[in-house]
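Remarks on the structure that follows.
Side-chain atoms are counted along with the backbone in the values below, which use heavy atoms only and exclude waters and symmetry mates.
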Amino acid sequence: ADVNIVQDFVTQSDDVKIMRKVYTTDFQQMFNMGYQNYSEGEWRVARRLLKETQDMLGFQDGPSTALLNFMETHHFEAPPKWMGVRDILVH
């Protein structure tokens, strides 16, 4: 039931629609492909796709940049026991 509340809010809220308007279908599709490759450990492919989305909207996309920065710390090679996610350290 909680999922439906969030989904309804995201799909029906005028404020959310305005915020999301800048994210084109092309951007969303390319980012989703980049994220899928990231999670599957195909970081060189993810790098190429996320480099595209990073500046595709006329400003630097934060999630694309964060994923690229993290992958760069591993030289764009997924760690040997990569499980598709990473821990985020909170300071």
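- Hydrophobic clustering (side-chain heavy atoms under 4.5 Å, transitive across Ile, Leu, Val, Met, Phe, Trp, Tyr) keeps Val85 apart from Met71.
- Pairs engaging residues 20-32 under the side-chain hydrogen bond (donor to acceptor under 3.5 Å, both in side chains) rule: none recorded [sequence neighbours left out].
- What you find for Ala46 and Gly34 is that their closest heavy atoms are CB-O, 3.4 Å.
- The distance from the CG atom of Asp61 to the CG atom of Leu67 is 9.0 Å, given to the nearest 0.5 Å.
- By the ring-ring contact (aromatic ring centres under 6.0 Å, His included) test, Phe9 is found to be paired with no residue, residues two or more places apart in sequence or in another chain being considered.
- Residues Val22 and Ile18 fall into different hydrophobic clusters, defined by Ile, Leu, Val, Met, Phe, Trp and Tyr side chains chained together at heavy-atom separations under 4.5 Å.
- Residues Leu68 and Leu57 share a hydrophobic cluster, clusters being chains of Ile/Leu/Val/Met/Phe/Trp/Tyr side chains in contact below 4.5 Å.
- Applying the side-chain hydrogen bond (donor to acceptor under 3.5 Å, both in side chains) rule to pairs touching residues 35-59 yields Gln36-Glu40, Arg44-Glu77, Thr53-Ser64, Gln54-Thr65, sequence neighbours excluded.
- Sorted by first and then second residue, the salt bridge (Lys or Arg N to Asp or Glu O under 4.0 Å) pairs involving residues 81-91 (not counting sequence neighbours) form an empty list.
- Closest approach of Phe70 to Thr73, counting heavy atoms only: O-OG1, 2.5 Å.
- Placement of Phe59 and Met30 within a single hydrophobic cluster is found when ILVMFWY residues are connected by side-chain heavy-atom separations under 4.5 Å, directly or transitively.
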